[in-house]
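See structure below.
Each chain gets a letter, A, B and so on, in the order its sequence line appears, and its residues count up from 1.
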Amino acid sequence: MEAPHPTEGWEQVGERFYRKIPLYTAIFDEDLDLDNYVIAGAPYAGALALYRDENKLVAYQPSKSSKPTIDIYSCAGKLMRSIKWDNGAIKGLGWSVDEKLLVITNDGTVRCYYGLQDDFTQFSLGNGAEDVGVNSCRFYDDGMVALLSNNALISVTSYDEPRPKLLASPPEGQVHSWAIIPPNYTLSRSVEVLLSIAQTVYVVDASECEDRFLDIGPFTQMSVSPNGKFAALYTETGQAHVITSDFSTRLSEHDTKSKIPPKYLSWCGNDAVVIAWEDEVHVVGPNGAVAQFFYDNRIHLVPDTDGVRVISNNLCDFLQKVPDVTEEVFGIGTESPASVLLDAVDQLDAQSPKADDDIQLIRPQLPEAVDACVNAAGQEFSVHWQKQLLKAASFGKSVLDIYNSDDFVDMCETLRVLNAVRFFEVGLPLSYEQYLRLTPEGLVSRLLNRHEYLLALRIAGYLRLPTDKIYVHWASAKVRLGAEDDDTACRLIVDKLAGKPGISFESVARAAYDEGRSRLATQLLNHEPRAGRQVPLLLSMEEDELALDKAVESGDTDLVYFVLHHLRRKLPLAAFFRAVNARPLATALVESSARARGPNGEEDTALLKDLYYQDDRRLDGADVFVREALRQPDARTASDKLALAAKLLSDDARGNAFELAALREAASLLRLQEALDRDLTDSFTGLSVNDTVFKLVRLGYHTRAKKVAAEFRVPDRVLWWVRLRALVAKRDWNELEEVAKGKKSPIGWVPFYNLILAAGNPRLAGVFVGKCVAAGGLEPGEAVIMYEKCGMRVRAAEEAVRHKDAEGWMRVLQAAGRGTPEGREIERLGAGVFKR
Amino acid sequence: MAPHVGFDTDQIRDKARKDLLYLLEGVRGKKSLVIEKSLAGPVGALVTASTLRDYGVEKFFFLDTNNADTSQRNVVFVARGDSEHNVQAIADHMKRLQRESKTGHEFHIFWVPRRTLVSDKLLEELGVLGDAEIAELPLYFFPLDKDVLSLELDDSFKDLYLSKDPTSIFMLARALTGIQQKHGVFPRIIGKGDNAKRVAELLARMRQELLAGEDAHEAGKMGLTPSTTMESLIIIDREVDFVTPLLTQLTYEGLIDEMFGIQNNQTEVDSTIIGAPAQQQPQPQQQQQGAVPAPTANPQARTRKIQLDSSDKLFEQIRDTNFAVVGNILGKVARRLKTDLDSRHSSQTTAELREFVTKLPALQTEQQSLKTHIALAEEIKKSTQLEEFGRVLEVQQNLAAGADPSSQFEAIEELIARDMPLPQVLRLLCIYSTISGGIKAKEFDLFRRLILEGYGFQHILTLHNLEKLQLFLSRSSPLASMIPMTAAAGATGTKTNYTYLRKQLRLINDEVKEHDPNDIAYVYSGYAPLSVRLVQCILQKQFLLRITKGNGVTSSVGAAGGAQGWRGFDDAVKHARGQTFDELQKGEDKAVKARALLSGGSDKKTVFVVFVGGITFTEIAALRFIAKEEAARRNIVICTTAIISGNRMMEAAIEKEAFGKAGDQADAR
C-alpha cells in the first residue's frame, strides 16, 4: 500500500507550512445536526462533550427521545457515555486537564463529572451567582472562571477543594466577548480575564481591574494563545488583530473581509490564529498571511496546545503547524542531511549504490540527520512514514561508530504507544507533543476512564509505570458493575490484586460500600495494609470500635482523635466511655484533650469527673475537684470543693490517709488565712504554711506564728530556719540577739552566722561565731576565718592562738597591720605561743 | 537529590525554608502573619524577619493573643495542626476579623507539619472551613545546629510520660521516615525503652505503608533500600534514664540552660548583666521574636536575647566544656584578642595595615562575643558559689554515687526550709526516689508534708503528677515494688536499676579530668550519663570495657570489638527499664549493591542517635565528645523531640495555680 506523501495537505502560510492531518472519518451519525450542538473537547485529544444548543430549533423526531442529555464521545466518534440532564439551562460546558467534565447551570451550580462516569461532585459558585445568573464560563487546565450577568467574575482554582472566589469587579456594560489567561502564564500567579467592553478591553485579576485603552473595539471574539503570550481580537468589522497579551505590542492585523461573524476564533499553536465559519477555516499567520481550508459540512473547532482539531459529521482532522523537523525532512526542495538520509534508504531498498553516495555526501552531518529522522518520526501520524523515518535513522546510525541510541529506542517505544491509542476504537489521537505534556501516567489514567484496562496494563508494563491504579480502578469497576456475589467478587479481586505494590484496597472497599455492598467492603478492607486509610471508611460504615482499634494501631494520634471526636458526637456518654475504656491510649487522649478544651484552656471537668467515676479512678477524680478548688475566688467555695474531693477518697480512708489529711489541712489553712487576712488586714491567702509563718514573723506576730506552726506540726528544724530567714529579712537584730541567748538550736548556729553576715551585720554575726565555737563541730581554723570575715581580728587571733594556728595568726596579723593598736594586740596574744 | 549524597542538617534547613517561602509566595500581595507562639522561635531561626518582609509579610501576631488587626487583606495562620486549641484560636481570629473588618479577608492556614482530619472537622463545625485556604507546611525537624535536630515539641515530655499522649512519637517516626525516604533506610535500628520500641515499630509500619503506597515506584527506588551513607539508628527512651536530666548540668551551655533557660538556641538575660543590645550587631531573630506589637525591638526591654549556636565561634569552643574550665579559656581568648588588636600599633607597612583592617570586623565580632560570655560566665559563677547551690550539688552527687539516701534527708529538709525554688527540691527528691527504687514509706510521707507545707497544698496535684511520672514513689507503691534492688534480681527491664548499672557501666568516674576530659563523665563532674553510656555500649564497646573492667584487658575483649548491637553488654542493658531491641532492615540484594556502587567509597557513615522525650545539653555535649573520638569512623547526628532539663521536667508536673488566686486573675482580666 502506498501511503500518501507527508506533504499532502500542507498549506503555505507566509514562510511556514500548516498541515491538515485526517485522523478519523465517519464520526457522528449523519442525522446528527452538529449545527444545533455545543461541543466541548478535553485537552490533549480527550473526550468530546455534546449538548444540544437550546437556543436553536430542532426538528421533532419521534424516534428520538427528547430528554436532554450530555453525550460524551471519543475523538473517533465512539459514544462513551450519555449523561441525563434535567437541571435546566447549561451556561458552561468544559473540561479539566484530567478529563473532568464541568457543567455549570444558570444558578451557579457546578457539577464535576469525573472519570467519564455518571458520578459527579457538585458545588455552587456562590457570590450572588444564584440571584443574577451565570452568563458564560471559560476553562483552563484545572480551573475555570464564570462570568455572571452583572459582569462579576468568579474564579475556581481547584475542583477537589473548590473555593469560588470573586475577582476584582469590572465596570458595567455589555461584555462583547471575553477570554482568560491561565494562572501559570500570568505574572500575578492568579488567573487574568480579558473583557471586551465598549471600545476597549479590561484586564481583571484577583485584586484589580485595568483598562487597556483600546479604541478599535468592540471585539466579538477574543482568544489567548496556548502559552498565554498573545491575544487575538476579532472586531465587528471583520478585522483580526494579534497583540501581546500584556497589550504592549500590536503584532499583526488581518482583514477577513467577511460580513458574517465567525463561529470560532482560536489559536493553532502559538504562531497562527484560526478563524472558522460554518464550513470554512482560515489560518492567519504572522504578517497577515492566510491559508484557507474548506469543508463540506458544518464544522466545530476543538483547540489544543499545538493545534486545533476540526470536527464535522464525517471527519476529524488535526490542523497544526508543520513541525520544524518534519519540514526539514520533507520540505519541498529541501536538501537537508535528513532528507538525503531518507533518500538513502529508498536507494538501499532499490539496491542502488547511490545509497552509499548519499551517506558519503552527508557524512559530516550524519548524527544530526539521524536525530532529525528520529524526531520527525515522532511527528508523523502515518505508520508507513514513521517506519520509513526510523529505518532511515537506523541505517544512518549503523554507519556511525558512536551513537547514543537512547533517543531512538525511546521514540520507538513512544510511537508504539501512540499508535496503539490512536487506534479508532480507543480514539485518543495524541500528537507527540500532547503526549509529552499529558505524560505517560496521564495517558494511563485516560485509558482507565475508558475502561481500557488491558491496554493500560500493557502500556504501563511496557513503559515501566506503576500498575496499582489500574488494578484498583479495575476492581472498583468490578464491584460496581460486576454481577458476582460478594464472596466471588472478593476472591476474584484479592487473587488479582494481592501482593502487588501500591494497591489500595481501601479505594476498592469504598467503591463497594458506595455501591451498597458493605459486606464486601468489610471483606476487602481487611486486605488493606494501611490502617490509617481504613479508619474513615470504617466510621462511615458504622464500624466504630473497629475504626478505633485501627486508629490506635496506626499510632497516628490524629486518627484516634478523629474517631474519638466522631464517637463523642454520636454515642451516649456511657457507650462512649465503654468504647474508650478498654483502650488505654484512647482514654489518655480523651483525658488530655478534656484537660485542654475551651478557648482559654480550661478543662472539661464534667467529662473528666464522669470518666474517672465510672472507671473508679478516685485519685484522679479528686484531682479534678482540687483543680476546681484552685479556681475558686474565695476560701469558702474552695473548701467546699476540697470537701468533695475528700468525699471521693473517703471510701478507702486507710489507703488515702495522706491525701485526706492534706485536704483537711488545706481547708483549715485556708480558713486560718482568711481569718488572718481579716484580723491583720494583710493578704495571707494562697501562701504556704511556711510562708505564712515567715510573713507573721516578719510582721512581728511571733505568737501567732508559733500557733500556726504548732497547728500544722511544722518540724522544729524547719520552723527555726523559717524564723531565722524572716528575722534576717526584717533586720530584727534585737530579736536575733535574744535567740543568741538560747542554749541550743536544732539547726546549729552556722546558718545564723551566714545569713546575718550576708545581711550586713558583722557584729551580730560575730556573736554567733562564738556560739558556733561553743557548739563545736567546726573544722580547726574555720572559726578564725569566720571571725576574720566579721572583721573581728582580735577574736580571730585568739581563736588562732587557741588552736595553735600559726598561719592563721600571721594572716590576721598582716591584715591588721603591725603598727596599729589592733596589730599590737594581736602580736601580744600570739607572742607567747608562736615564738620566732 | 542524588542518592549518594550523605546526610546533612543543612538540607533540612534549606528544605524547610523553601517550603515556607513557597507557601508564602502563593499568597499574593501583602499579608499579616499570625503564628503560634511556640513556632515563632523555630521559624524565626529558619528565616529572618527581613526575608519574610520581602515575601510580603507586613505584620506579625501571636495566635494566642487574638489581636491581629484588619489592616491586611491576606491573613496567614501558621500553627501546629495537632492541637485542638489552635483550631479554636484560628477560628476565633477569623470570626473576629470578619466581624470587625469592612473589607473582605483572605485567610490562609498553614498547618505544621501536616493538615489533620481533626482540624478539618473542627473548622467545619465552627463554620469557617470554607473561608480559608489550607496548606501543609511539613516542618518536622528543626536543625538546632549542624549535628542536632529537634522537633521542638516543648510539651513532648509532659505529653509522653504524664498524659501518655504519643503524638510526639508519631511525629518523630514521621520525621525519621522522611530521612529514610531520602537517604535509604537505616540498615540497623537499635534501641532501649518502650517508647523507643514504639518508634521502631512505627518506622517499620510506615515503611510497609510506603511500600504499599501509591508512590511506591518512586520510593521503591530511593527510600526503601538500606542506606549506604547511614550506619544505624540508635533510639533511647528518656524513660530509661530519668536521673541524668534531673542532675544539675555542669557544662557551660548546660548551666546557661539551668540558670536562664535556652529556647530555640536563644537565652534571655537581664540586660543589667549583659549590657544593652549592641546597635551595630543586627539580630534578626530577635526582631522576629519581638515583632508582635511593632517589629522594632522595644527599647524598654529589660532583657536581652542572646543567640547561642555554633555561628558564634567562641561559644562553639566553650559550650560543651565543664564550667570549671570556662574561665580559663575565656582568659586565654581575651589575651590573644588583645595581642591581635594591639597588632595595629606594630603594623608598619600599608599592606600590614590593610591586612589588619580586613581582619577587624571579625575581631570586633569576637570581642563582642567575648564580652557577652565573660558577663554570662561571671553571673553563673556568682550563682554557683552560693551556699545553696553547693548544697544541692552535694546532695545530688551523694545520691548519684550511691550514698545511703536517708543520710540526705536533713540536707533536703533544710533546703525546703530555706525556700529553695520548688523545682530544685523536687529534682532532688526524684533523684532520690528513682535511684533507690522509691522512698521508704515513712520518709515519703514526711517529704510530702514538707513540700505541701513549704510550697502550698496545691502541690498535692504536683506530687500526684510526679507519682504518675514514676519519678517520686513510695516503696510501698505497686509501681515502685517492681524495681529490682539487688544486683542479682531476676526481674529485669521494668525499672532502671542504678545500683547495678553504676558498677556495670561505671557511671561514677571520679578520675575524670575536667580540663582534659578522657570520659563523658566530665559533663557532670564525675557522673557519666547513663543514657549516653548506653550509646557507648553500641558505639564504643572497647572503650567501655576498658574503663569498666579496668586497664590492660583490651586484648581479651577483641572479640567484642567486631560485635554489633548490644553484644557484650546484653546483661547490663537488661537492667535498664523498657524493651531492648536490635533490628536489621534489609532490602533486595541487587538494590543494596547498586546503592553501594552509587555511593562510592565513602566509608564514613552517619549514626543517628535519637532521644525520645527530650535530651539535655550535657547529654549533647557527651555525645559530641563521643563523636569527636569517633570522628575517624563515623558522624553522629543527634535527634530529639525537644531539649529538656530537670527544671522543664518538673514544670511538666508542677501545678501552677495557687489557692485564692482565681479572684485576682479575674480582676486582672
Heavy-atom closest pair, residues [X] and [Y]:
X        : Y        : answer
A:Arg713 : B:Glu453 : O-OE1, 4.2 Å
B:Tyr455 : A:Ser688 : C-CB, 3.4 Å
A:Gly686 : B:Ala658 : O-CB, 4.3 Å
B:Leu202 : A:Gly555 : CD2-CA, 4.0 Å
B:Phe170 : A:Ser554 : CE1-O, 3.9 Å

ring-ring contact (aromatic ring centres under 6.0 Å, His included) partners for A:His565, two or more places apart: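 Result, ring-ring contact (aromatic ring centres under 6.0 Å, His included) vs A:His565: none returned.
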Residues in ring-ring contact (aromatic ring centres under 6.0 Å, His included) contact with B:Phe447, at least two apart in sequence or another chain: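 By the ring-ring contact (aromatic ring centres under 6.0 Å, His included) rule, B:Phe447 matches B:Phe409, B:Tyr432.
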Segment of [X] engaging chain B (4.5 angstrom heavy-atom cut-off):
X        : answer
A:Ala662 : both
A:Glu674 : neither
A:Arg569 : side chain
A:Ser207 : both
A:Gln673 : neither
A:Leu669 : side chain
A:Asp620 : both
A:Asp677 : neither
A:Val563 : neither

Out of [options], return the one with the most heavy atom pairs under 4.5 angstrom to chain B.
options                                : result
A:Phe562, A:Tyr561, A:Phe658           : A:Phe658
A:Leu670, A:Leu663, A:Leu559, A:Val722 : A:Leu670
A:Asp623, A:Leu755, A:Asp556, A:Leu724 : A:Asp556
A:Val689, A:Asp558, A:Val693           : A:Asp558

A:Arg725 side-chain N/O to B:Ala417 backbone N/O, donor-acceptor pair under 3.5 Å: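 Yes; judged by distance alone, with no hydrogens or angles, the pair exists.
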Check: A:Arg163 side chain, B:Ala132 main-chain N or O, donor-acceptor pair, under 3.5 Å: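 Yes.
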Check ion pair A:Glu161-B:Arg115 (N to O, under 4.0 angstrom):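 Looking at A:Glu161 and B:Arg115, the cut-off is met.
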Charged N-O contact under 4.0 Å between A:Arg717 and B:Glu414: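 Salt bridge between A:Arg717 and B:Glu414, a charged N being under 4.0 Å from a carboxylate O: no.
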Between [options], which has the largest tally of heavy atom pairs under 4.5 Å with chain A?
options                                : answer
B:Leu122, B:Leu463, B:Leu450, B:Asp445 : B:Asp445
B:Gly29, B:Ala173, B:Gly130            : B:Gly130
B:Arg174, B:Glu106, B:Glu387, B:Met171 : B:Glu106
B:Ile134, B:Asp419, B:Leu452, B:Asp64  : B:Asp419
B:Arg205, B:Lys121, B:His459           : B:Arg205
B:Asp120, B:Ile169, B:Thr116           : B:Thr116

Heavy atoms from other residues, nucleotides or ligands near CD of B:Glu25 exceed 12 (cutoff 6.0 Å):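 Enclosed.
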Other residues, nucleotides, ligands: >12 heavy atoms within 6.0 Å of B:Lys37 NZ: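 12 or below, so no.
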So do the side chains of [X] and [Y] get within less than 4.5 Å of each other, counting heavy atoms only?
X        : Y        : answer
B:Phe659 : A:Leu642 : yes
B:Glu657 : A:Arg627 : no
A:Glu659 : B:His464 : no
B:Ile416 : A:Val718 : no
B:Gln458 : A:Val626 : no

Criterion side-chain contact (heavy atoms from CB on, under 4.5 Å) against B:Pro166, the qualifying member of A:Val552, A:Val560, A:Thr557: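 The single option meeting the side-chain contact (heavy atoms from CB on, under 4.5 Å) with B:Pro166 is A:Thr557.
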Proximal component of B:Leu415, with respect to chain A [non-hydrogen, under 4.5 Å]: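 Neither; nothing under 4.5 Å.
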B:Arg114, part contacting chain A, at a heavy-atom distance under 4.5 Å: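 Interface part for B:Arg114: side chain.
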Toward chain A: residues of residues 158-165 of chain B with heavy atoms under 4.5 Å: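 Expected list: B:Ser163, B:Lys164, B:Asp165.
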To the nearest 0.5 Å, what is the distance between [atom1] on [X] and [atom2] on [Y]?
X        : Y        : atom1 : atom2 : answer
B:Thr167 : A:Leu589 : OG1   : CG    : 6.5 Å
A:Thr157 : B:Glu133 : OG1   : CD    : 5.5 Å
B:His85  : A:Ser593 : NE2   : OG    : 13.5 Å

Residues which pass side-chain hydrogen bond (donor to acceptor under 3.5 Å, both in side chains) with B:Arg198, listed by chain and number, not counting sequence neighbours: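 Counting only residues at least two positions away or on another chain, B:Arg198 forms a side-chain hydrogen bond (donor to acceptor under 3.5 Å, both in side chains) with B:Glu201.
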